[in-house]
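As the structure is a computational prediction, the values presented were derived from the model and not from experiment.
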Amino acid sequence: MQLVLTTKRTVVIDDGRSDPRVRRGNANIRSSRVVLAVPLMLDDEAIGVLYLHSVHAPHSFTTEQVELACGFAAFAAVAIARAREMVDLLRADEAADRQIDALRRSAVVVEKLGDLVLADRSLDDLVQTLATLLGKPCALHDVDDRLMAAADPRAVSDGIMPSLLRPPGTREPSVRRALTHEAGDRVVLVSPLREAGVMHRHLVAPVRIGSTLCARLVVMEYGSRFSAGDMLAVRRAATLIALKLRDRGRKGEAAPEKRGELVAELLGGVPSAAASRERAQRAGLNPAARHVAVVIRPRTGLGRGGDFGAIAAELQKLAPYAVHAATQHDEVLALVEVPEEAGENPETQIKALVTAVCERGERRRHVIGGVSGACSDTAELSAVGRAAREVCECVCRFGREGGPSVLCVDDLGRARALLSDASPRTVTSFAQETLGGLLRDPANSSLLATLSCFFECAASISRCASILGVHDNTIRYRLARMEELTGLSIAHDSDDQFAARLALTILRLQGIVLDGGKESAPAGGAECWTSPQSTRGREGARSVTLQDRRPQRNGKRTHQARSDNDPAGLSL
């Protein structure tokens, strides 16, 4: 009752149902017949009201009863005050415990991450250690929101990672507004943003070197709620990550050539995936981009082949993408960063660029190149580097002057791993035995083109016929004709298909089979392919019976004119 608290005096109400001093909201007093209201006084301050009321029967409070109620109210006021003090002490004690726990966890983070920074460990190790200590997924993004490192604290990751700075959330205005509140080293708590697909709360700590923002450390609330210790630990971790980034930047600024050494190490093979990612970050590679490896080297036995430093500089100048190149042991090692908008097969464009560099002027006679496929994980850079080296080795061993100077992995397929270590003489002899019968007679030029197209169409007769613009039976007839000349049942025998495909790869290396199924005669004429071992197509050919299914009129065959798509007149 406000009247008792204001006047600090005892009030007696004879009838609570009709007394205007009783508020309507107080139903218990309003339904009472007699009410005694005594203030709870503590240090001349009313902290509450003690009510005594009779609900059914009328009652008259005596002086002794009023004094007894006032004495009880005095004791009750003291008890309530002591209880409040005890609650305040308990709350302060809990707050102190939380602060001590936060400081303890922060000290553990500083100690663990500090040891990793002193040991020059990778950013992946730092982020993984932080995720383990906090028990929550963590991620590190650069100022352009590109992912630099991410970690999940669970032993078996379920793929849950901080989503605040990942597409499509990064394009949402609500995310950008949340990040505008970051100032200095202050940690920002971002609430769920359903319109951006962010369903959890996130802590965002700016990673600053001086006054420059260089990255953002993001922790997602998952498994348990955030605490004050988490915020303090994240802020300390951001400071240590800033020291790591500054140290890495100083190393790169002090020794620009070091980046070339790192590229060479990445392509040559790194002991672990974490070490590979660390070297990639130190070399300035974009971890979100795809990478294609390029190796340029001199032809075997033809000298240095020119200034490879100039070749590396020219490659970096002409490339439409970022190129990280290194010159080592008279060769150029390069990693080309390919953005997502480049399409599915960027190797073809990069091959054309490397070909233009290698075939400029006198380089065509002395320089060759190999192009790998694209990889999206920096831990796989050693694999693409090995693939580019294998392609180069194949061109060195089996290429000839006038043949292709640059090839990519798609030109050779899996055969490059076998050919890169094989004897050139043995491989050439194998190709002579396998397909020499198709090369001795220029009239069989269309057969070689058909064979190349047949394999490019995954051994599909109908697809091959569609590409060459002929009937399916024409392809079957040509395959049968190949069997007569080579003894290879290419249409039905998988072993013969493998042999023919490997022989075609060797021909492509020597420039005899060009892109698009075109053929060119080997250097020295077709006689260079005639050898005592190349008689399998004539003597060892299997017996083949062809049924003539061309339409007949009046018992005579109908003559079919040769078409542009069938210059040899082999259509049925």
Side-chain angles (χ1 to χ4, degrees), residues 98 102-103 105-106 108-110 112-113 116-117 122-154 157 159-246 248-249 281 286-288:
R98 288 195 298 269
L103 292 173
R105 296 181 64 181
S106 175
V108 172
V109 169
V110 171
K112 296 290 186 181
L113 298 188
L116 295 179
V117 171
S122 65
L123 289 175
D124 293 84
D125 293 336
L126 268 67
V127 175
Q128 180 63 63
T129 301
L130 179 63
T132 303
L133 294 174
L134 298 180
K136 294 177 174 58
C138 301
L140 183 67
H141 297 262
D142 63 11
V143 291
D144 296 322
D145 299 332
R146 295 177 299 193
L147 183 64
M148 301 175 67
D152 188 342
R154 287 163 288 280
S157 176
I160 296 180
M161 288 294 173
S163 57
L164 182 65
L165 298 182
R166 297 173 62 185
T170 54
R171 295 188 291 269
E172 290 293 332
S174 56
V175 175
R176 310 320 304 179
R177 286 195 300 268
L179 296 179
T180 57
H181 297 294
E182 59 186 9
D185 59 349
R186 176 173 173 265
V187 179
V188 178
L189 178 62
V190 181
S191 300
L193 304 172
R194 299 184 182 276
E195 66 277 9
V198 180
M199 310 306 294
H200 298 78
R201 294 199 303 172
H202 289 75
L203 286 177
V204 182
V207 180
R208 296 182 181 274
I209 300 178
S211 59
T212 303
L213 179 67
C214 56
R216 290 186 178 94
L217 179 60
V218 183
V219 180
M220 186 177 74
E221 187 178 60
Y222 187 77
S224 62
R225 296 183 63 83
F226 283 134
S227 65
D230 293 332
M231 300 187 70
L232 185 59
V234 170
R235 188 173 66 179
R236 295 288 186 266
T239 302
L240 291 172
I241 291 174
L243 293 175
K244 173 67 177 177
L245 294 177
R246 185 179 65 177
R248 191 177 69 179
Q281 291 168 356
N286 179 8

**Q.** T239 OG1 to R235 CZ distance, which is reported to the nearest 0.5 Å
**A.** 7.5 Å
Q: Measure across C138 and M161 and return the closest heavy-atom pair with its distance rounded to 0.1 Å.
A: O-SD, 4.4 Å
Q. With a 4.5 Å limit on heavy-atom distance, are the side chains of V234 and M231 in contact?
A. no
Q) Got K136 and S224 here, is their nearest side-chain heavy-atom distance under 4.5 Å? A) yes
Q.
Please determine whether side chain to side chain contact (heavy atoms under 4.5 Å, CB included) holds for the pair V207 and L140, giving the CA-CA distance in whole Å, both sets of side-chain angles, and the decisive distance to 0.1 Å.
A. CA-CA 9 Å; V207 180; L140 183 67; 4.2 Å; yes
**Q.** For M220 against F226, the heavy-atom pair lying closest together
**A.** C-CZ, 3.7 Å
Q: Specify the closest pair of heavy atoms between D145 and H141, including all atoms of both residues, with the distance to one decimal.
A: O-ND1, 3.3 Å
Q: Determine the minimum heavy-atom distance between K244 and L123, stating which atoms define it.
A: CG-CD2, 3.7 Å
Q: Using the side chain to side chain contact (heavy atoms under 4.5 Å, CB included) rule, take M199 and R194 through it: C-alpha gap first, then chi angles, then the decisive distance, then the call.
A: CA-CA 6 Å; M199 310 306 294; R194 299 184 182 276; 2.8 Å; yes
Q) Which atom pair, heavy atoms only, marks the closest approach of V143 to L213? A) CG1-O, 3.0 Å
Q | Qualifying residue, where the test is side-chain contact (heavy atoms from CB on, under 4.5 Å) with M148 and the options are D124, L245, V127 | A | L245
Q: List the steps, then state whether side chain to side chain contact (heavy atoms under 4.5 Å, CB included) holds for L130 with L126.
A: CA-CA 6 Å; L130 179 63; L126 268 67; over 6 Å; no
**Q.** Residue that, paired with L113, satisfies side-chain contact (heavy atoms from CB on, under 4.5 Å) out of L240, L243, V108
**A.** L240
Q | Intermediate values then yes/no, side chain to side chain contact (heavy atoms under 4.5 Å, CB included), L164 and H200 | A | CA-CA 9 Å; L164 182 65; H200 298 78; over 6 Å; no
Q.
To check you understand the geometry: which heavy-atom pair defines the closest contact between P137 and P153, and what is its length?
A. N-CD, 3.7 Å
Q: Mind checking the CZ-OG1 spacing from R246 to T212? Nearest 0.5 Å is all I need.
A: 12.0 Å
